[in-house]
Amino acid sequence: MKTALITGANKGIGYEVARQLASKGFHVFVGARNAKAGRKAAEEMGKKCGKATFLEIDVADNDSVKKAAREFSNSEDHLDVLVNNAGVVVDGDEAILEISDDLFRKTLETNTLGALRVTRAFVPLLRKSKAPRVINVSSGSGQLTGGADGWAPAYSISKSALNGVTSQLAAALPKFAVNSVCPGWVRTDMGGKNANRSVEEGADTIAWLATEAPQELTGKFLRDRKEIAW
Ligand SMILES: NC(=O)c1ccc[n+]([C@@H]2O[C@H](COP(=O)([O-])OP(=O)(O)OC[C@H]3O[C@@H](n4cnc5c(N)ncnc54)[C@H](OP(=O)(O)O)[C@@H]3O)[C@@H](O)[C@H]2O)c1
C-alpha cells in the first residue's frame, strides 16, 4: 500500500489533500500539531474514505519532527509521498520595514525551515519508496517574477525561500520528484471566505503531483498542473 504524510492536515487544503489521497487508496498519515484536531480529522477520514492515521508533528519543532519520524517508522517501512503543507501567515498589511525580527523568524521557522526539517527527517523512509515524491505547498505571493505587491512580506519571502528549498532538494535528490505548488487563493481559515477557489480546486495540483504526474517532473513551481515562473 502506498503511504503519504501530509503536514497540517487537520483542516484546510491539507485535510482535502489527505482526503483525496485516502480515497485513491493511500494509507494517509494526517500530520497535525494539535493532537485533538488531528485525531478527529483522521477518524473522520478513516470512516469515509480509506486508511488514515493521525501523526503528531509540529513542523516548527525539531524534536517533534524527529519523534514523528520514529513513530512513523514503527509502523511503516517506507514513505511514498510527503506533502509539506503546514503554513502560517503571521503578518498582514505591515510593510517590510515595519515587521519585527521575531515575526520574520516565526514565519520562516514554520513555512521554510519546517518543510526542510520534515523532509530531512523523512528522507531515509522516502528513499525506500520506488518513486518518492515531495510536494512543498508554496504561494504565488512568493513569486519573484513580476515583482512583489507588498502584501504580507514575511509570509511572501518565506514562500520565495521555500521555492529555493524545493530547487535545492531537487538537485540533492535526483531520484525524487520534488516540486512547489501554488494552490491559488483558497477558501480556508487562512484564505478567508472571499477566496475564489474551493479546497477541492486548491488541492487538485498537489494530489496530481502525488499520484499521476510523471516522476521525471521535478524542481518546478506549478499551478493548475502547469509550470509557472519562480
Ligand atoms: N488558502 C490560501 O489561499 C493559500 C494560498 C496560497 C498558499 N497557501 C498555503 O497552503 C497551505 C495550507 O493553507 P490553508 O489555506 O489550508 O491554511 P489553514 O486552513 O490555516 O491550515 C494551515 C494548517 O497548517 C497547520 N500548521 C501551522 N503551523 C504548524 C506547525 N508548526 N506544525 C504543524 N502544523 C502547522 C495548521 O495547524 P493548526 O490547526 O494547529 O493551526 C493547519 O492545519 C499553507 O502552506 C499556505 O501557506 C494557502
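Each ligand, and each atom within it, is numbered from 1 in the order the structure gives. Just so you know, these numbers use all the heavy atoms, side chains as well, and skip hydrogens, waters and symmetry mates.
Interatomic distance, Lys220 NZ to Asn163 CG, rounded to the nearest 0.5 Å: 13.0 Å. The CD atom of Glu201 lies 11.0 Å from the CD1 atom of Ile13; values are rounded to the nearest 0.5 Å. Note: Arg133 CZ to Leu173 CG = 14.5 Å, rounded to the nearest 0.5 Å. To the nearest 0.5 Å, atoms OG (Ser180) and CG (Asn84) are separated by 9.5 Å.
Near ligand 1, residues Gly8, Asn10, Lys11, Gly12, Ile13, Arg33, Ile57, Asp58, Val59, Ala60, Asn85, Ala86, Gly87, Val88, Thr110, Val137, Ser138, Ser139, Tyr155, Lys159, Pro183, Gly184, Trp185, Val186, Thr188, Asp189, Met190, Gly191 each place a heavy atom inside the 4.0 Å sphere around the ligand atoms.
Leu126 is listed as a side-chain neighbour of Leu79, based on a closest heavy-atom distance under 4.5 Å.
Judged purely by distance below 3.5 Å, without hydrogens or angles, the side chains of Asn111 and Ser158 pair a donor atom with an acceptor atom.
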